[in-house]
Amino acid sequence: MSESGLKKIGVIGIGTMGNGIAQVAAQSGFETVVMDVDASVLEKGLDSISRSLDRLVKAFEKSGGEKGIDGAAKDEAVNRLSTTTRCDLIIEAVPERPELKEKINRKLAELGYDNLLVSNTSGISITRLGAAYGKPEKFMGMHFMNPVPMQKGVEIIRGLATSDETYATVVALCHDLGKIEIAAEDKAGFAINRMFVPFVNEAVRVIEEGIASVDDVDKCTYCLGHKMGPLMTADYVGLDTMLFICEVLEEELGSFYKPSPLLKRLVESGQLGAKTGSGFYVWEKYKASGINPDIARYRIG
Ligand SMILES: NC(=O)c1ccc[n+]([C@@H]2O[C@H](COP(=O)([O-])OP(=O)(O)OC[C@H]3O[C@@H](n4cnc5c(N)ncnc54)[C@H](O)[C@@H]3O)[C@@H](O)[C@H]2O)c1
């Protein structure tokens with residue numbers, strides 16, 4: 001029996017984040033249902049989960065059972081994955097567009113879904129999304145980190161009307177998934193992105209002002225003990241998501257949070273980071289192969 005008492009979990013949007021969330025849910029023993037508008041993405045998503053589980057099986061064999069999972073656990077996880085609806089809790093992980101997330105929440109309610117619903121949003125107001133669902137007491141934020149199977153922390157955010165019961169179930173679900181909960185209030189950027197997004201924005205300004213190169217900006221943070229620099233992390237997260245949160249912070253907290261022009265230009269040009277093959281870095285299969293030459297010469301001021 002799981003600590004949360006939940007059995008079946010749905011994941012809507014099986015992209016970068018939904019993929020990892022579904023894998024961790026299935027691995028943790030939940031019957032897991034995945035949904036996406038794009039059938040080819042759905043197929044690719046399931047395939048990518050299967051390959052990720054294969055890597056865990058290899059790690060298990062190589063470490064003599066100390067790391068990873070064995071072949072039987074992999075097969076069990078794969079068997080727990082399916083692609084239809086009716087769940088105890090649904091995790092929405094579609095792109096960071098408020099109207100799209102609101103539409104999905106309204107649609108779920110129209111279809112008669114009335115159990116717990118959480119959003120993996122990086123910065124949209126949880127209270128706003130809960131209102132669209134129409135049952136705000138059963139709604140809250142569950143902000144997983146990328147890559148989900150590796151990152152332990154999950155930021156959990158209550159909307160104004162989230163009930164104590166929903167909150168307690170989501171805390172228990174974090175434990176069931178082997179994650180550590182980090183509680184934050186429903187204010188612009190919550191806790192993690194309130195700190196991280198201005199850090200990235202300032203790193204971009206350091207490049208724009210000719211203070212340091214992309215390479216050196218990321219190296220600076222190794223001096224702070226970080227494993228990955230802000231620009232590479234931003235490329236992983238997606239520059240569209242970074243820009244969106246900057247705009248939320250600027251709107252709620254003022255001009256100090258204004259997005260830097262270079263961040264805007266990259267998003268306008270469709271260079272969104274690892275997922276599109278270029279951002280601050282050039283990417284091949286989610287591995288950075290060098291600095292984007294357009295950025296290397298970009299200077300203002
Ligand atoms: N990428 C990150 O590092 C990261 C980290 C934390 C949180 N998030 C948040 O997670 C959410 C998803 O981000 P992502 O990076 O996984 O995006 P993504 O673009 O990789 O994946 C989104 C998926 O949603 C699907 N989708 C679009 N419209 C849909 C609909 N109407 N119904 C069902 N599926 C639909 C797309 O086909 C795609 O597969 C966003 O809210 C983002 O802010 C992202």
Side-chain angles (χ1 to χ4, degrees), residues 10-25 33-49 52 83-85 87 90-111 113 117-126 128-129 132 139-157 179 182 184 188-197 200 228 230-249 267 270 272-277 279-280 283 286:
V11 182
I12 303 184
I14 185 90
T16 313
M17 297 301 289
N19 202 305
I21 294 168
Q23 177 185 329
V24 170
V33 179
V34 292
M35 293 157 256
D36 200 292
V37 273
D38 184 338
S40 69
V41 168
L42 203 52
E43 207 173 293
K44 259 201 316 217
L46 289 176
D47 186 51
S48 142
I49 291 174
S52 173
T83 53
T84 46
T85 66
C87 307
I90 291 181
I91 302 171
E92 167 276 304
V94 303
E96 191 73 350
R97 297 205 300 272
E99 295 76 18
L100 172 64
K101 289 182 190 281
E102 284 178 319
K103 193 172 123 196
I104 287 176
N105 292 0
R106 273 195 296 270
K107 188 81 197 164
L108 282 168
E110 268 167 45
L111 291 170
Y113 179 77
L117 176 60
V118 300
S119 176
N120 188 43
T121 179
S122 306
I124 301 168
S125 155
I126 297 301
R128 171 179 174 174
L129 295 178
F139 186 86
M140 65 181 276
M142 206 174 171
H143 182 206
F144 289 85
M145 305 295 133
N146 186 12
V148 181
M150 313 294 290
Q151 297 279 11
K152 286 268 176 223
V154 178
E155 193 175 29
I156 52 171
I157 310 110
K179 304 292 183 198
I182 302 159
F190 315 136
I192 294 172
N193 282 321
R194 169 71 186 267
M195 294 184 280
F196 180 60
V197 173
V200 171
M228 192 184 275
L231 301 174
M232 189 168 279
T233 310
D235 265 7
Y236 263 117
V237 171
L239 302 186
D240 47 346
T241 301
M242 284 289 137
L243 178 61
F244 175 80
I245 302 165
C246 256
E247 289 167 346
V248 170
L249 289 169
V267 173
L272 307 182
K275 64 184 167 190
T276 60
F280 293 103
W283 294 84
Y286 278 79

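Whatever order the structure lists ligands and atoms in, that order sets their numbers, starting from 1.
The single protein non-hydrogen atom nearest to atom 41 (O) of ligand 1 is E96 OE1, 2.5 Å, given as residue, atom name and distance. If you check which protein heavy atom lies closest to atom 6 (C) of ligand 1, you get F144 O, 3.2 Å. In this structure, the protein non-hydrogen atom closest to atom 13 (O) of ligand 1 is M17 CG, 4.0 Å. For atom 11 (C) of ligand 1, the closest non-hydrogen atom on the protein side is V94 O, 3.3 Å. Nearest protein heavy-atom contact of atom 21 (O) of ligand 1 is G15 CA, 3.2 Å. Of the protein's non-hydrogen atoms, the one nearest atom 1 (N) of ligand 1 is V237 O, 3.0 Å. Scanning all protein heavy atoms for the shortest distance to atom 25 (C) of ligand 1 gives D36 OD2, 3.2 Å. Among all protein heavy atoms, the one lying closest to atom 31 (N) of ligand 1 is V37 CG1, 3.5 Å.
Of the possible donor and acceptor atoms, none in the side chain of D240 sits under 3.5 Å from a partner among the backbone N and O of L272. At distances below 3.5 Å, at least one donor-acceptor pair connects side-chain atoms of E96 with backbone N or O atoms of G123. The backbone N or O of L129 sits less than 3.5 Å from a side-chain atom of N105, completing a donor-acceptor pair. For the pair E92 (side chain) and V94 (backbone), a donor-acceptor distance under 3.5 Å is present. Counting only distance, with no hydrogens or angles, the side chain of K179 and the backbone of E155 share no donor-acceptor pair below 3.5 Å.
Shown in contact with I104 at under 4.0 Å from a heavy atom are these atoms of ligand 1, numbered in order with element: 30 (C), 31 (N), 32 (N). Set against the non-hydrogen atoms of P95, the atoms of ligand 1 under 4.0 Å away are 22 (C), 24 (O), 26 (N), 27 (C). The ligand atoms of ligand 1 that sit less than 4.0 angstrom from a heavy atom of T241 are 43 (O). The T121 neighbourhood of ligand 1 comprises atoms 41 (O), with distances under 4.0 Å to a heavy atom of that residue.
Here the rule is side-chain contact (heavy atoms from CB on, under 4.5 Å) with V34, and of I91, I12, I14, I21 only I14 fits it.
Smallest separation of non-hydrogen atoms from P149 and G20: CD-CA, 4.0 Å.
Taking only nitrogen or oxygen atoms, main chain and side chain alike, H143 does not reach within less than 3.5 Å of ligand 1. Looking at ligand 1, you won't find any N or O of G18 less than 3.5 Å from one of its N or O atoms. Considering backbone and side-chain N/O atoms, T16 comes within less than 3.5 Å of an N/O atom of ligand 1. The N/O atoms of N120, backbone and side chain alike, include one that comes under 3.5 Å of an N/O atom in ligand 1. Of the polar atoms of L100, none of the N or O atoms is found under 3.5 Å from an N or O of ligand 1, judged by distance alone.
At a heavy-atom distance under 4.0 Å, no atom of F244 approaches ligand 1. Residue contacts with ligand 1, taken as heavy atom pairs separated by less than 4.0 Å, involve K101 solely via side-chain atoms from C-beta onward.
Using a 4.0 Å cutoff on heavy atoms, A93 counts as a contact of ligand 1.
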